[in-house]
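Bear in mind that the values here come from a model prediction, so they are computed numbers and not experimental data. Proteins come first, then strands; the chains are lettered A, B, ... in the order of their sequence lines, and each starts at number 1.
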2 protein chains.
Amino acid sequence: MSLEQASEIQRRMYDFIVNYMKSEGMPPTNREIGRELNIASTGHVDYHLTMLEKKGLISRQAKKSRGIKLTKQVQEGIPVMGIIAAGEPLDIFSDASSSINIGSDMIETENTYALVVRGRSMIEDHICDGDYVVIKPQSTCQNGDIVVAVHMQEGASGSSTLKRFFQEKEHNRVRLQPANSELDPIMIPKSVWDREWQIQGKVVAIFRQCIAAA
Amino acid sequence: MSLEQASEIQRRMYDFIVNYMKSEGMPPTNREIGRELNIASTGHVDYHLTMLEKKGLISRQAKKSRGIKLTKQVQEGIPVMGIIAAGEPLDIFSDASSSINIGSDMIETENTYALVVRGRSMIEDHICDGDYVVIKPQSTCQNGDIVVAVHMQEGASGSSTLKRFFQEKEHNRVRLQPANSELDPIMIPKSVWDREWQIQGKVVAIFRQCIAAA
DNA sequence: TATCTTCTGGAATAGTCGTTCTAGTTTTTG
DNA sequence: CAAAAACTAGAACGACTATTCCAGAAGATA
């Protein structure tokens with residue numbers, strides 16, 4: 001039922017169909033597929049399309065020109081990859097359980113992902129419990145950026161946290177600042193930072209769903 | 001260059017193409033168009049397609065089956081209809097100047113629209129200056145809902161505001177409550193409310209773009 | 001009234017399209 | 001090794017498709 005059990009050529013065929021539909025707005029004909037993949041015979045193309053259909057990747061409308069449909073529509077949204085709660089280990093869903101769909105007009109959707117915020121550690125920056133934060137992966141950032149920082153501890157899975165990042169050169173340390181006056185910032189000597197910490201990405205957008213009156 | 005200068009039949013043809021592409025994932029053939037619109041001749045269909053092309057609504061790839069493309073891709077996002085600032089007249093863009101694209105998995109996109117928030121009147125509900133609020137149009141709401149309320153004043157364009165709605169039966173009035181302790185709620189006697197006010201819709205989601213460090 | 005644009009139907013054509021068949025090669029499996 | 005499965009090429013067929021030409025009707029224009 002998935003791409004893994006398709007052969008090399010069938011994978012390339014499937015990719016071509018997806019890209020063709022994205023750029024042309026319609027599925028390709030069997031002959032166009034053959035031309036692209038250097039397949040001499042249309043019967044040959046038909047054979048592999050039948051295989052792709054049998055494996056559940058596409059469906060076809062008999063006799064219709066360009067009668068190819070993708071069974072799973074292309075994932076255009078931003079995958080929700082897990083839950084982030086300050087200080088606790090990041091709960092990563094290996095497979096995106098859902099996705100939020102924010103248009104490419106506003107945000108680069110390439111490589112970005114979303115996390116669900118737990119807790120009130122960034123409440124004074126108006127990031128609430130339950131909000132989705134859209135993360136653009138990057139390993140560096142500027143002072144004041146809201147970032148996902150991961151503490152790599154030996155022998156344990158790293159714990160991650162959502163904080164504002166400040167590099168304090170005068171003290172030779174990094175400060176991870178929550179936006180909650182009840183919570184204390186985390187101060188990390190630069191040497192420890194370099195050894196044990198890692199920036200995973202930066203918050204580029206926030207999305208909140210208002211279910212009912214709070 | 002627009003739908004207005006197309007004739008009735010051409011408008012129906014254009015609509016059919018849009019709907020067909022949405023449901024089938026490919027453009028229709030000339031014959032399928034003719035069948036749907038009760039046009040006997042394929043030459044006749046070609047004539048109107050040529051007209052639609054001349055008017056800039058579609059483009060065609062000669063000789064290719066289903067060779068129709070929509071020039072302006074279908075607006076799938078939520079249109080940003082204006083700016084809302086507490087108490088000031090709603091700045092409505094008659095034509096959506098932009099759109100944010102939030103997937104239908106999360107929100108009904110049908111009929112919903114977005115407004116850009118100006119000011120800090122809802123800051124304690126963590127709705128900030130510059131945030132997009134997604135509005136689901138409805139004329140009634142429940143206590144505690146965050147709504148767009150419009151004050152219809154005679155001889156002037158109505159002013160609108162973003163507030164929490166409370167019907168206070170014991171005082172026979174409506175209270176529009178800002179989420180900012182520096183601002184006072186608006187108290188409106190029920191009779192005045194019924195005569196001069198109108199609920200335009202309810203906030204169902206919030207979207208914020210983080211440009212840089214604040 | 002005469003003229004132009006828009007709209008409609010029918011027929012024909014050249015090429016495109018999905019599908020099927022035969023026949024062969026290569027790779028995998030038992 | 002032998003059998004099965006997967007892959008490849010070529011050709012051919014009937015249906016489908018876009019396009020063009022002809023001819024006429026309806027309505028607006030001037």
Next on the checklist: Closest-nucleotide mapping onto DNA chain C: is B:A40 or A:D46 further toward the 5' terminus? I mean the 5' end.
Outcome noted: B:A40

Next on the checklist: Can you tell me if A:Q61 touches the phosphate of C:dG18, counting only side-chain N or O atoms and a distance under 4.0 Å to OP1 or OP2?
Outcome noted: no

Checklist entry - Which nucleotide sits closest to the side chain of B:H48: D:dT17, C:dC7, C:dC17? => result C:dC7

Checklist entry - Should B:E36 and B:R12 count as an ion pair when the cut-off is N to O under 4.0 Å? => result no

Item to check | N/O (side chain, B:T29) to phosphate O (OP1/OP2, D:dC16) under 4.0 Å | outcome: no

Next on the checklist: From CD of A:E32 over to P of C:dC17, roughly how many Å is that when rounded to an integer?
Outcome noted: 6 Å

Item to check | Atom-pair distance (NZ on B:K64; C1' on D:dC16), nearest Å | outcome: 17 Å

Checklist entry - Is A:N30 near enough to C:dC17 that one of its side-chain N or O atoms lies under 4.0 angstrom from OP1 or OP2? => result no

Checklist entry - Is B:D46 paired with B:R60 through a side-chain N to carboxylate O contact shorter than 4.0 Å? => result yes

Checklist entry - Should the pair B:D125-B:R164 be classified as a salt bridge under the 4.0 Å nitrogen-to-oxygen rule? => result yes

Checklist entry - Quick one: B:I33 CD1 to D:dT19 P, roughly how many Å, whole number? => result 11 Å

Item to check | Most 5' of B:G43 and B:K63 on DNA chain C, judged by nearest nucleotide | outcome: B:G43

Next on the checklist: Any N or O donor-acceptor pair under 3.5 Å from the base of D:dT19 to the side chain of B:T42?
Outcome noted: yes

Checklist entry - How many Å lie between CD on B:E8 and C1' on C:dC7, as a whole number? => result 13 Å

Checklist entry - Hey, is the side chain of A:H44 poking within less than 4.0 Å of OP1 or OP2 on D:dA6, counting only N and O atoms? => result no

Checklist entry - Is the shortest side-chain N/O distance from A:R60 to OP1 or OP2 of C:dT19 below 4.0 Å? => result yes

Checklist entry - Any chance the side chains of A:Q142 and A:K202 put a donor and an acceptor closer than 3.5 Å? => result no

Next on the checklist: Given C:dG9, C:dC17, D:dC7, identify the nucleotide with an atom nearest to the side chain of B:S65.
Outcome noted: C:dC17

Next on the checklist: Taking only side-chain N and O atoms of B:Q10, does any of them lie within less than 4.0 angstrom of OP1 or OP2 on C:dT6?
Outcome noted: no

Item to check | Residues B:R175, B:I186; criterion side-chain contact (heavy atoms from CB on, under 4.5 Å); working and verdict | outcome: CA-CA 6 Å; B:R175 173 164 55 96; B:I186 306 176; over 6 Å; no

Checklist entry - Side-chain N or O of B:S41 less than 4.0 angstrom from OP1 or OP2 on C:dA11? => result no

Checklist entry - So, are B:D15 and B:R11 salt-bridged, with charged N and O less than 4.0 Å apart? => result no

Checklist entry - Parallel, tilted or perpendicular for B:W197 and B:H151, by the 30°/60° rule? => result parallel

Next on the checklist: Report for the helix from C:dT1-D:dA30 to C:dG30-D:dC1: angle between first-end and last-end helix axes, five pairs each, rounded to 10 degrees.
Outcome noted: 30°

Checklist outcome for this item: Closest to the side chain of B:Y47, out of D:dT20, D:dC7, C:dT6, is C:dT6

Item to check | D:dA18 base / B:R31 side chain donor-acceptor hit below 3.5 Å | outcome: yes

